[in-house]
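In this chain, residues are counted from 1 in sequence order.
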Amino acid sequence: MSQERILTITSIILACWAVIIITWERLFPYRKGLPLFREGFWLDLVWYTIIQSFVLKIVIFDYIIAPLQHHFDWSRFQGVSHWPVALQVLLFFVMHDFYIYWFHRFQHSSKFFWRTHEAHHSGKEVDFLSGSRSHVVEIIINQTIEFGPIILLGASPEVIPIKALIDSMYGMFIHGNIQVRMGKLKYIFNSPELHLWHHANYREVFHANFATKLSLWDYLFGTVYFPGTKPGDRPENWGLYYDYPKDYFLQHAFSVKRFEEKRLLRYKWFRWYYNLRPALLNVFLRRKKPLAPVAESDLTMTTATTEKETVTADTAP
């Protein structure tokens, strides 16, 4: 089967899966009342899912993996190419999932690498699209380690699109705002009832539920947290315990240097930039009631509160 045909098939499957998850969220929600176009929806869809994914695909495959493949001879290690495609996919699926468990766990214990992961936890309304919100550095590290071995070890061309499809489908599933009970399967496969707790704003889960697809890693290494209840429906029950920027570029800047987003509104140029997003969204959606622009008067936080939150953010995790 040609690569183009495989990409077409996997794209159709992914689109159908997205429709299924969205419908599932509407009919059987984990948290009731969560809107489809929730806060940060367009940020996650446009910037993280479309633009960042497209750019990083070029960076990772053309400027990292391709040079490695060109400068190093991996031919003597390319034994997997003779295996059935299903077995190849299973091998790289388990290998990467084992790696991602430990790297994810490491990110939560390292102040430096936490800054490459905190964006993923910043959403207060978690749904099928929330899994796409990941820092550039985090994606480059994880996807290079994920897809690099597949290419360097000479796996069949079908493995990459199939593996990418599984990643995307499972990412939508575990982040989906869906009510589902896995029964005893939860000891092997990850699910929303486990992973949504990981996105909750509780100390108990900050160092728990690190698994991505196979929850058995959490059970095997003693990091599972499943009280049998839900985190709660209030915004403070979810996401980060400190203020986090809502803009794509500011989110990446925040990982380098801590700042208070609202304090920047005192600058005219920043207010223009900050109000550009809702203005464009109003035009795109042709809203009858336009989104209100952010004004300098929105700076209601006191200096003491700002300093406290900045310190809190600096000391995370």
Side-chain angles (χ1 to χ4, degrees), residues 10 14 43-45 47-69 74 88-123 126 128-153 155 159-176 189-190 194-195 198-199 206-218 221 223 240 248 251-252 254-256 317:
T10 53
L14 184 60
L43 171 72
D44 293 342
L45 177 63
W47 281 103
Y48 282 103
T49 303
I50 299 176
I51 299 177
Q52 177 174 282
S53 296
F54 176 77
V55 173
L56 291 188
K57 178 183 177 182
I58 297 174
V59 172
I60 293 168
F61 284 90
D62 295 350
Y63 293 96
I64 298 178
I65 297 178
L68 287 173
Q69 187 181 26
W74 298 85
Q88 293 181 44
V89 172
L90 179 62
L91 169 68
F92 293 112
F93 173 89
V94 175
M95 282 176 54
H96 182 254
D97 204 61
F98 183 70
Y99 150 77
I100 208 69
Y101 166 83
W102 286 105
F103 184 68
H104 187 188
R105 187 171 173 174
F106 172 65
Q107 285 177 297
H108 277 255
S109 62
S110 166
K111 288 186 177 181
F112 177 81
F113 279 95
W114 167 249
R115 294 194 178 198
T116 69
H117 184 59
E118 62 184 341
H120 187 67
H121 285 268
S122 61
V126 185
F128 76 101
L129 198 57
S130 299
S132 64
R133 188 182 297 194
S134 295
H135 194 281
V136 165
V137 173
E138 180 179 42
I139 294 296
I140 290 176
I141 293 174
N142 287 336
Q143 291 196 358
T144 298
I145 293 177
E146 176 181 11
F147 295 112
I150 296 176
I151 295 175
L152 299 176
L153 295 178
V159 174
I160 287 182
I162 294 175
K163 179 69 169 61
L165 174 65
I166 294 173
D167 290 344
S168 299
M169 291 179 66
Y170 219 93
M172 289 184 188
F173 174 65
I174 63 173
H175 292 96
F189 299 105
N190 200 8
L194 288 176
H195 195 71
H198 182 69
H199 281 264
F206 191 83
H207 295 286
N209 296 8
F210 298 114
T212 301
K213 302 175 189 69
L214 299 176
S215 60
L216 66 88
W217 308 129
D218 279 313
F221 299 110
T223 54
L240 301 172
Y248 174 83
Q251 287 178 356
H252 283 80
F254 191 74
S255 66
V256 179

Stepwise side-chain contact (heavy atoms from CB on, under 4.5 Å) check, Tyr170 with Asp97: CA-CA 12 Å; Tyr170 219 93; Asp97 204 61; over 6 Å; no
Please check if the distance between the ring centroids of [X] and [Y] is under 6.0 Å.
X      : Y      : result
Phe221 : Phe210 : no
Phe98  : Tyr101 : no
His198 : His120 : no

Can you tell me how far the [atom1] atom of [X] sits from the [atom2] atom of [Y], to the nearest 0.5 Å?
X      : Y      : atom1 : atom2 : value
His117 : Glu138 : NE2   : CD    : 5.5 Å
Ile60  : Gln143 : CD1   : CD    : 4.5 Å
Thr212 : Phe93  : OG1   : CZ    : 9.5 Å
Leu43  : Thr49  : CG    : OG1   : 9.0 Å
Leu91  : Leu153 : CG    : CG    : 8.0 Å
Ile145 : Ile65  : CD1   : CD1   : 10.5 Å

Closest non-hydrogen atom pair between [X] and [Y], with its separation:
X      : Y      : result
Pro161 : Thr10  : O-CG2, 4.0 Å
Phe173 : Asn190 : CE2-O, 3.7 Å
Glu118 : Ser255 : OE2-CA, 4.0 Å
Leu194 : Ser215 : CD1-CB, 3.9 Å
Phe103 : Asn142 : CD2-OD1, 3.2 Å
Ser132 : Tyr48  : O-CB, 3.4 Å

Quick one: sort the [X] and [Y] rings into parallel, tilted or perpendicular, breaks at 30° and 60°.
X      : Y      : value
His252 : His135 : tilted
His96  : Tyr99  : tilted
His104 : His121 : tilted
Phe61  : Phe147 : tilted

Within-4.5 Å side-chain heavy-atom neighbours: [X] and [Y]:
X      : Y      : value
Glu146 : Ile100 : no
Thr223 : His207 : no
Arg105 : Trp102 : yes

Ser109 side chain to Phe106 backbone, donor-acceptor under 3.5 Å: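 Yes; judged by distance alone, with no hydrogens or angles, the pair exists.
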Candidate pair Leu68 and Ile151, rule side-chain contact (heavy atoms from CB on, under 4.5 Å), full reasoning: CA-CA 10 Å; Leu68 287 173; Ile151 295 175; over 6 Å; no
Member of Ile150, Leu165, Val159 meeting the side chain to side chain contact (heavy atoms under 4.5 Å, CB included) criterion with Val89: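 Answer after filtering Ile150, Leu165, Val159: Val159.
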Test side-chain contact (heavy atoms from CB on, under 4.5 Å) applied to Asn209 and His195, step by step: CA-CA 6 Å; Asn209 296 8; His195 195 71; 5.7 Å; no
Side chains of Gln107 and Thr116, donor plus acceptor under 3.5 Å: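 Yes, a side-chain donor-acceptor pair sits under 3.5 Å.
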Ser122-Arg133 side chain donor-acceptor pair, cut-off 3.5 Å: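 Yes.
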Atom CH2 of Trp74 with >12 non-hydrogen neighbours under 6.0 angstrom: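 No, the 6.0 Å shell around CH2 holds no more than 12 heavy atoms from other groups.
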Test log, rule side-chain contact (heavy atoms from CB on, under 4.5 Å), inputs Lys213 and Asp167: CA-CA 8 Å; Lys213 302 175 189 69; Asp167 290 344; 3.0 Å; yes
